[in-house]
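Before any comments, here is the structure.
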Amino acid sequence: MTPPADDGPVIALRGVAVRREGTVVLQDVDWSVRHGERWVILGPNGSGKTTLLTLAAARLWPSAGVVELLGSRLGEVDVRTLRPRISLVSGSVTRQLRAELPARDVVVSGRHGALETWWHTYSADDWAEADRLLAACGFADIADRPFGVISEGERQQVLVARALIGRPELLLLDEPAAGLDLGARERLVSRLGELAADPRSPTTVLVTHHCEEIPRGFTHAGLIRNGRLLAAGPLDDVLSSSLISACFDVPVTVGRQDGRWWSRSAE
């Protein structure tokens, strides 16, 4: 992992809008993420969370406004040099990976952002790092198992390891706990909490629907609804019952215990 730098924001969006086939997906978004911060983005389905993350991954251009990533402005930088510095964990990556590929190969392929290991040559250190990352999340025993037959929780851990092996400066996680059972979710959230506590870990942005999926050690939060960023800032300022209720359009009570957040209906 790469120690965070301190020279300017990692993500800077100013007046950003995204329109697709006449539909406004994001509008008037101003957002800044600095080195070493750990962000969670919450919002209901269809609010624009994934679109926001896709912009931050340099895989989508805005219809209006300015997007600057790692000091470079989209439209003025060769994204082939920018994207290797950003790791994205999402369902789209899962769908592209060959089911027969061993979990260890899936991890090491992230060194070059590839989908197959035969595309590149990997050093003994690369393979050792893949083994270390699998062991760090407690899944060394699945290294030789095909990616397509391991459990959903195991796949998400493998994908996080794959994202980290490339030593990114920015780690983006798009609903990594979606569809996981309670045990798998808690193991993943615990692993993300370990990464958040490590100052060598990259700046991180996590998208989720649920307060319960926010790992310990996260520092900031953003709330998005109908393509607009309703609030963004330090976690304790943003995760209030009133703001979460407004974001999801349902009265809820939000709290925190032992470093973990929770929410429940206030009706």
Would you sort out whether I41 and L53 count as a side chain to side chain contact (heavy atoms under 4.5 Å, CB included), showing the intermediate values? CA-CA 9 Å; I41 304 295; L53 215 61; 5.7 Å; no

Set out, in order, the CA-CA distance, both residues' side-chain angles and the distance that settles side chain to side chain contact (heavy atoms under 4.5 Å, CB included) for I142 and V158, then state yes or no. CA-CA 9 Å; I142 67 167; V158 168; 3.8 Å; yes

Applying side chain to side chain contact (heavy atoms under 4.5 Å, CB included), run through D249 and R225 and close with a yes or a no. CA-CA 9 Å; D249 195 26; R225 178 175 176 81; 3.6 Å; yes

So H220 and R34, side chain to side chain contact (heavy atoms under 4.5 Å, CB included) or not? Walk me through it. CA-CA 10 Å; H220 291 72; R34 301 197 69 81; over 6 Å; no

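L192 approaches P176 most closely through the heavy-atom pair CD1-CG, 4.5 Å. Considering every non-hydrogen atom in both H35 and T203, the closest pair reads CA-OG1, 3.4 Å. Scanning both residues, P44 and I224, for their nearest heavy atoms gives CD-O, 3.5 Å. Shortest non-hydrogen contact noted between V89 and A163 is CG2-CB, 3.6 Å. In terms of heavy atoms, E213 sits closest to L206 at O-CD2, 3.7 Å. Heavy-atom minimum distance, C247 versus L223: SG-CB, 4.0 Å.
Contact annotation: the side chain of L69 never approaches that of V77 to less than 4.5 Å [non-hydrogen atoms, C-beta and beyond]. Residues L159 and L97 form a side-chain contact, since some pair of their non-hydrogen atoms from C-beta on lies under 4.5 Å apart. For the pair P202/L170, no side-chain contact is recorded, criterion being any heavy-atom separation below 4.5 Å from C-beta on. In this structure, the side chains of H209 and N45 come closer than 4.5 Å at one or more pairs of heavy atoms. The closest side-chain heavy-atom distance from H120 to R111 is not below 4.5 Å. Annotation: side chain of V18 is in contact with side chain of L60 (closest heavy-atom distance under 4.5 Å). Side-chain atoms of F147 and R155, non-hydrogen and from C-beta on, do get closer than 4.5 Å to each other. Here the side chains of I86 and P168 are not in contact, with every heavy-atom distance at 4.5 Å or above.
Of the possible donor and acceptor atoms, one in the side chain of R216 sits under 3.5 Å from a partner among the backbone N and O of D258. Remark: side-chain polar atoms of S109 are not paired, donor with acceptor, to backbone N or O of T117 under 3.5 angstrom. The closest donor-acceptor contact from the side chain of S63 to the backbone of R19 lies under 3.5 Å. Side-chain N or O atoms of R73 include none that pairs as donor or acceptor with a backbone N or O of V66 at under 3.5 Å. Between the side chain of R132 and the backbone N or O of W127, no donor-acceptor pair lies under 3.5 Å. Remark: the backbone N or O of G36 is paired with a side-chain donor or acceptor of R38 at under 3.5 angstrom. One N or O on the side chain of D126 and one on the backbone of S123 form a donor-acceptor pair closer than 3.5 Å.
Residues V254 and L42 are members of one and the same hydrophobic cluster, defined by side-chain heavy-atom contacts under 4.5 angstrom among Ile, Leu, Val, Met, Phe, Trp and Tyr. Both I214 and L243 sit in one connected hydrophobic cluster of ILVMFWY residues. Membership requires side-chain heavy atoms under 4.5 Å apart, directly or through other members. In the hydrophobic clustering of this structure, L230 does not group with L26; members are Ile, Leu, Val, Met, Phe, Trp, Tyr whose side-chain heavy atoms approach within less than 4.5 Å, directly or through other members. In this structure, V67 is not a member of the same hydrophobic cluster as V24, with clusters built from ILVMFWY side-chain heavy atoms closer than 4.5 Å. V207 is not connected to L188 by any chain of hydrophobic side-chain contacts under 4.5 Å among Ile, Leu, Val, Met, Phe, Trp and Tyr, and they are in different clusters.
By the 30° and 60° cut-offs, the orientation of the rings of Y122 relative to H112 is tilted.
For the ring pair (Phe, Tyr, Trp, His ring centres under 6.0 Å) test, residues two or more places apart in sequence or in another chain that qualify with W31 are W39.
Here R59 contributes atom CZ and T54 contributes atom OG1; the two are 8.5 Å apart, rounded to the nearest 0.5 Å. Atom CZ of R228 sits about 11.0 Å away from atom CG of D30, to the nearest 0.5 Å. To the nearest 0.5 Å, atom CZ of residue F139 and atom CG of residue L133 are 13.5 Å apart. With rounding to the nearest 0.5 Å, the separation of CG in L239 from CH2 in W262 is 12.0 Å. Taking CZ of R167 as the reference point, atom CZ of R200 lies at 11.5 Å (rounded to 0.5 Å). To the nearest 0.5 angstrom, L229 atom CG is 11.0 Å from D28 atom CG.
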N/O donor-acceptor pairs under 3.5 Å from side chains in residues 9-17, not counting sequence neighbours:
residue: R14; atom: NH2; partner: E68; partner atom: OE2; Å: 3.2

